[in-house]
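Input: a single structure, listed below in structure tokens.
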Amino acid sequence: SCARRWWAVDMAPRLFIDDALAAGRALTLPERAARHVQVLRLQPGAAVILFDGRGGEWSARVEAMGARAVRVQVLEHHPIERELALHVTLALAMPAGDRMDVVVEKATELGVAAIAPLLSERSVLRLSGERASKRAAHWQPIAVAACAQCGRNRVPTVLAPRQLAACL
């Protein structure tokens, strides 16, 4: 048999499940994760990795594929931690436009535990109240997607934008 090359290693897709996972549990994937499995054209019996943001990851197997629903069987927990030794919170003045999306993605990939967007005196972007909460809600799934992509098992918290004094 030929030796496997690093670029030929099969990697099971990583899916975030915002629910407590347990070995032996059968579950229907949430819509976003199910769509990902369908786009990859996985078939029953295919391996997937699930993580719930609470640490570690779970091996699972696709059991059934439907037009809208995908059922998986959770198999085994792997207590793998890929977090930094220090708890790092990134506090930054929010850039204008969609640049904050990229900051959240890259900060997550680098291993921050929390992201604290700051409202600064000279910022172009001005958010407050409900609009600020909606932006934080927009950034949290970006952090989840970055975790799935880079292999982290703990999702950083994206805080609502606030003034520097409130952050300190």
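- For the residue pair Q38 and A69, the shortest heavy atom distance occurs at NE2-N, 4.3 Å.
- Between Q43 and V62, the closest side-chain pair of non-hydrogen atoms is not below 4.5 Å.
- Of all heavy-atom pairs between P44 and A64, the closest is CG-CA, 4.5 Å.
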- Message: Show, in sequence, the C-alpha distance, side-chain angles and deciding distance for V144 and T108, and conclude whether the side chain to side chain contact (heavy atoms under 4.5 Å, CB included) test is met.
- Response: CA-CA 9 Å; V144 168; T108 299; over 6 Å; no
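- Shown here are the side-chain hydrogen bond (donor to acceptor under 3.5 Å, both in side chains) partners of R32, two or more places apart in sequence or in another chain: there are none.
- Listed by first and then second residue, the salt bridge (Lys or Arg N to Asp or Glu O under 4.0 Å) pairs that reach into residues 45-57 are R14-E57, D52-R54, E57-R82, sequence neighbours excluded.
- Between atom CZ of residue F51 and atom SG of residue C147 there is a gap of 5.5 Å, rounded to the nearest 0.5 Å.
- Looking at residues two or more places apart in sequence or on another chain, you find a salt bridge (Lys or Arg N to Asp or Glu O under 4.0 Å) between R154 and E81.
- Hydrophobic clustering (side-chain heavy atoms under 4.5 Å, transitive across Ile, Leu, Val, Met, Phe, Trp, Tyr) keeps L159 apart from W139.
- The structure places CG of L29 at 9.0 Å from CE of M65, a figure rounded to the nearest 0.5 Å.
- Within the 3.5 Å criterion, the main-chain N or O of E105 finds no donor-acceptor partner in the side chain of Q149.
- Grouping the Ile, Leu, Val, Met, Phe, Trp and Tyr side chains by contacts below 4.5 angstrom, directly or via other members, places L90 with V158.
- Taking every heavy atom of both residues into account, L75 and A23 meet most closely at O-CB, 3.4 Å.
- The closest side-chain heavy-atom distance from I115 to T157 is not below 4.5 Å.
- Evaluation of the side chain to side chain donor-acceptor pair (under 3.5 Å) test over residues 61-71, restricted to residues two or more places apart or in two chains, returns T28-R71, R61-E63.
- Applying the salt bridge (Lys or Arg N to Asp or Glu O under 4.0 Å) test to E31 and every residue at least two apart in sequence or in another chain returns nothing.
- Note: L42 CG to L40 CG = 5.0 Å, rounded to the nearest 0.5 Å.
- Scanning all heavy atoms of the two residues, the minimum distance from V48 to A12 falls at CA-CB, 3.9 Å.
- Atom CE of residue M100 and atom NE2 of residue H138 lie 10.0 Å apart, to the nearest 0.5 angstrom.
- Each of V155 and I142 belongs to its own hydrophobic cluster when Ile, Leu, Val, Met, Phe, Trp and Tyr are linked at side-chain heavy-atom distances under 4.5 angstrom.
- Residues L27 and I49 do not share a hydrophobic cluster, clusters being chains of Ile/Leu/Val/Met/Phe/Trp/Tyr side chains in contact below 4.5 Å.
- Between P156 and A114, the shortest heavy-atom distance links the atoms CB-N, 4.2 Å.
- Using a 4.5 Å cut-off on side-chain heavy atoms (C-beta onward), V39 and V37 make no contact.
- Annotation: the span from L50 atom CG to I17 atom CD1 amounts to 5.0 Å, rounded to 0.5 Å.
- Inter-residue side-chain proximity for L118 and Q163 is flagged as unmet; no heavy-atom pair is nearer than 4.5 Å.
- For E76 (side chain) and G24 (main-chain N/O), no donor-acceptor pair under 3.5 Å exists by modelled atom type.
- Side-chain contact check for L92 versus M94: every heavy-atom pair is 4.5 Å or farther apart.
- The line from CD of Q140 to CZ of R135 is 13.5 Å long, rounded to the nearest 0.5 Å.
- Applying the ring pair (Phe, Tyr, Trp, His ring centres under 6.0 Å) criterion to H77, with sequence neighbours excluded, gives W58.
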- Task: Begin from the C-alpha positions of D19 and R25 and carry the test side chain to side chain contact (heavy atoms under 4.5 Å, CB included) through to its verdict.
- Result: CA-CA 12 Å; D19 193 9; R25 180 178 175 201; 2.8 Å; yes
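- Residues P141 and A137 come closest through the heavy atom pair CD-O, 2.9 Å.
- Judged by distance alone, with hydrogens and angles left aside, the side-chain atoms of R152 form no donor-acceptor pair with the main-chain N or O of L110 at under 3.5 Å.
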